[in-house]
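Quick note on labels: first sequence line is chain A, next is B, and so on, each numbered from 1.
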Amino acid sequence: MSQVERAVQALQAAFKDKVLSVDEFRDETTVKLDRDVILDACKLLHDDEALQYDFLAALTAVDYWPQEPRFTVVYQLYSIPKRVFLGLGVPLQSESAEIDTVESVYANANWHEREIFDLFGITFKGHTDLRRILMPKDWEGHPLRKDYPLGYEEVQFSFNFDEIDDRKPYAKE
Amino acid sequence: MRKEMDTTLEELRHLVSDRAIEGETMLLNMGPQHPSTHGVLRLLLELDGERVVNCVPDIGFLHTGIEKTMEAKTYTQALVLTDRMDYLNNLGNNLCYCLAVEKLIELDVPERAQVIRVILAELQRIASHLVFLATHALDTGAMSVFLYCFRERELILDIFEMCSGQRMMTSYIRPGGLWRDVPAGFEDAVRDFIRIFPKRLKQYSDLLSGNPIYLSRAKNIGPISGPEAVRWGLSGPNLRATGVDFDLRKSNPYSGYERYEFDVPVGSNGDVYDRYQMRLQEMGQALRIVEQALDNLPDGPVRSDNRKYVPPPRSEIGTSMEALIHHFKLWTEGFSAPEGAVYVAVESPRGELGCYLVSDGGPKPYRAHFRTPSFCSIQAIPTLVRGFLVADIVAIISSLDAVLGDTDR
């Protein structure tokens, strides 16, 4: 039994129907979990002697708007002693985009979660420092959401140069 | 302009001690326009005299929305954005992104392209570590090392320019191989570098490693233990300096790294001096890999001949209708990738660089995320600087070798 299979079995044994699915794609395993168990799942994977997923490699989110559940929060865990990756995915509905923080297990989740909060508007319950991190603090909206336009520079012609210049965001005087 | 300076103390209340509120300790702003924050990093320091009580890093000044922009580009177009993230590791970023795309579309890369990729990635590692060494020495008071390191880095950038036409924004590694084969003088140029560099490397070591002024700035400054470093997600030389033997080139090899013989230097104290030593030794190991790769450089094509993903050579377009169609399709619509998500991690000079790529079956990445090593390194700064002097902050930041373009994307 491979190391990854062992981890998947441990998750299935501990959380039963809270494990929504197990996906295999290009030799990568991603376990879809219910959001209620994410903190316990991370604790289990981190603390179990046989698994030792001690390194949070990446933590990000994907927006599937307009589908529901809209968001998926994706965790890429790595075990330095066992040298294997494991992906976790947690689907979230748009009206309740909230999930527990895993900061207590992986300290670096702090900033990764802030980044997701900033760019996707997903809230992390119990987070110690949930502020915007990349965008300015007075920014409106969450740029990585799919319903957020990419943005562009308005073209100024001679007849509307001043009109556009007035609303252009740059330092004036 | 950002209005970040307007942040009130109330908002950061939970990050500073009670003494800051009473005015017993001083809050001091450092950066973002500060020569030793290596880019646009801002730190809010809480100081008790010269001692650091707390430190709140503030990033985002170089955020350019690369991940968002990628969603609007085809897979081929998105490649050029990767150059612009970590501007000291352009080819490494290209490589990471290309590996992710190749994994997604199951594209094979010819042997020769794989070997050239390794040569370039390792040269890039040396170039990046040279900038580290240069700026680190400058920050700790040694001006001359800075000049020497940039002299050698120029040799490497000349090689990159020879291959790709660009010193930094190379976009040379493409999905399916390389943009084109290396030019005639490439091998000689790399051999010259291999001949010159070991001597120079020894000179750097002689200048700093036993220098009492440098040692007093580096030994036992900003130490971190192995388990703590793993908890903070440190990787690469910063993690290995603490004694944790984790190098993706050894543990999860890609691009044929399993074929090369090299050692992974591992430290013990995790202080500024160990982080410096790791990078110094890694340059020597990288040179070993380059030499082995160059000795075993096979002949053959440097691009996959799968025309559905990789454009045909220019010469074919004039004679083959099919080649013309493929060329047209690839440069207008781009290729589509099957639905799914992949995560690929490579060992960049700064640590684990990961690319998480989601496809919805279309010609553009549905979501591209980069796990960047500098992001985690900067996050660990408060843990490292607490209790040390203001002057040590400069040494600690430079020893982490964070690149702000890499952090903010």
Least distance between heavy atoms, [X] atom then [Y] atom:
X: D63(A); Y: Y366(B); value: O-OH, 2.8 Å
X: R26(A); Y: P338(B); value: NH2-CG, 3.3 Å
X: G233(B); Y: N108(A); value: CA-ND2, 3.5 Å

Does any heavy atom of chain A fall under 4.5 Å from the side chain of [X], the backbone, both, or neither of them?
X: P373(B); result: neither
X: V230(B); result: both
X: L353(B); result: neither
X: A341(B); result: backbone

Where on [X] is there a heavy atom nearer than 4.5 Å to chain B: the side chain, the backbone, both, or neither?
X: H112(A); result: both
X: Y148(A); result: both
X: R114(A); result: neither

Checking the side chain of E28(A) only, and the main-chain atoms of V342(B) only, is there a donor and an acceptor separated by less than 3.5 Å? no

With distance as the sole test, does K68(B) use its side chain to make a donor-acceptor pair with the main-chain N or O of P149(A) at under 3.5 Å?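 Such a contact is absent between K68(B) side chain and P149(A) backbone.
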
Distance in Å, [X] [atom1] paired with [Y] [atom2], rounded so as to fall on 0.5 Å steps:
X: L134(A); Y: L62(B); atom1: CG; atom2: CG; result: 10.5 Å
X: R367(B); Y: K146(A); atom1: CZ; atom2: NZ; result: 8.5 Å
X: L119(A); Y: H369(B); atom1: CG; atom2: NE2; result: 9.5 Å
X: I59(B); Y: I133(A); atom1: CD1; atom2: CD1; result: 4.0 Å

Using the rule given for side chain to side chain contact (heavy atoms under 4.5 Å, CB included), can you reason through Y78(A) versus S235(B), listing the C-alpha separation, both sets of side-chain angles and the distance that settles it, and then say yes or no? CA-CA 12 Å; Y78(A) 184 75; S235(B) 52; over 6 Å; no

Test side chain to side chain donor-acceptor pair (under 3.5 Å) on T60(A) and Y343(B) and set out the steps. CA-CA 11 Å; T60(A) 186; Y343(B) 180 76; over 6 Å; no

Crowding at NZ, K73(B) (>12 non-hydrogen neighbours, <6.0 Å): no

Neighbour count above 12 (heavy atom, 6.0 Å) for E98(A) CD: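 Buried by this count: over 12 neighbours within 6.0 Å.
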
Among the listed options E352(B), E67(B), E106(B), the residue most often paired with chain A at heavy-atom distances under 4.5 Å: E106(B)

Do you know which of D360(B), L234(B), V244(B), V358(B) has the most heavy-atom pairs with chain A at a distance under 4.5 angstrom?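 Ranked by contacts with chain A, first place is L234(B).
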
Parallel, tilted or perpendicular: which describes the rings of W111(A) and F375(B), with under 30° parallel and over 60° perpendicular?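 W111(A) vs F375(B) ring planes: perpendicular.
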
Among [options], which residue has the highest count of heavy-atom pairs closer than 4.5 Å to chain B?
options: L59(A), V84(A), D54(A), T30(A); answer: D54(A)
options: F85(A), Y106(A), W139(A); answer: F85(A)
options: L56(A), D129(A), L150(A); answer: D129(A)
options: T128(A), D27(A), V74(A); answer: V74(A)

Does the side chain of L144(A) reach to within under 4.5 Å of the side chain of E71(B), using non-hydrogen atoms? yes

Is any side-chain heavy atom of R131(A) less than 4.5 Å from a side-chain heavy atom of L15(B)?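 Contact flag for R131(A)/L15(B) side chains = yes.
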
Stepwise side chain to side chain contact (heavy atoms under 4.5 Å, CB included) test for R409(B) and E115(A): CA-CA 12 Å; R409(B) 291 152 284 144; E115(A) 188 186 321; 3.1 Å; yes

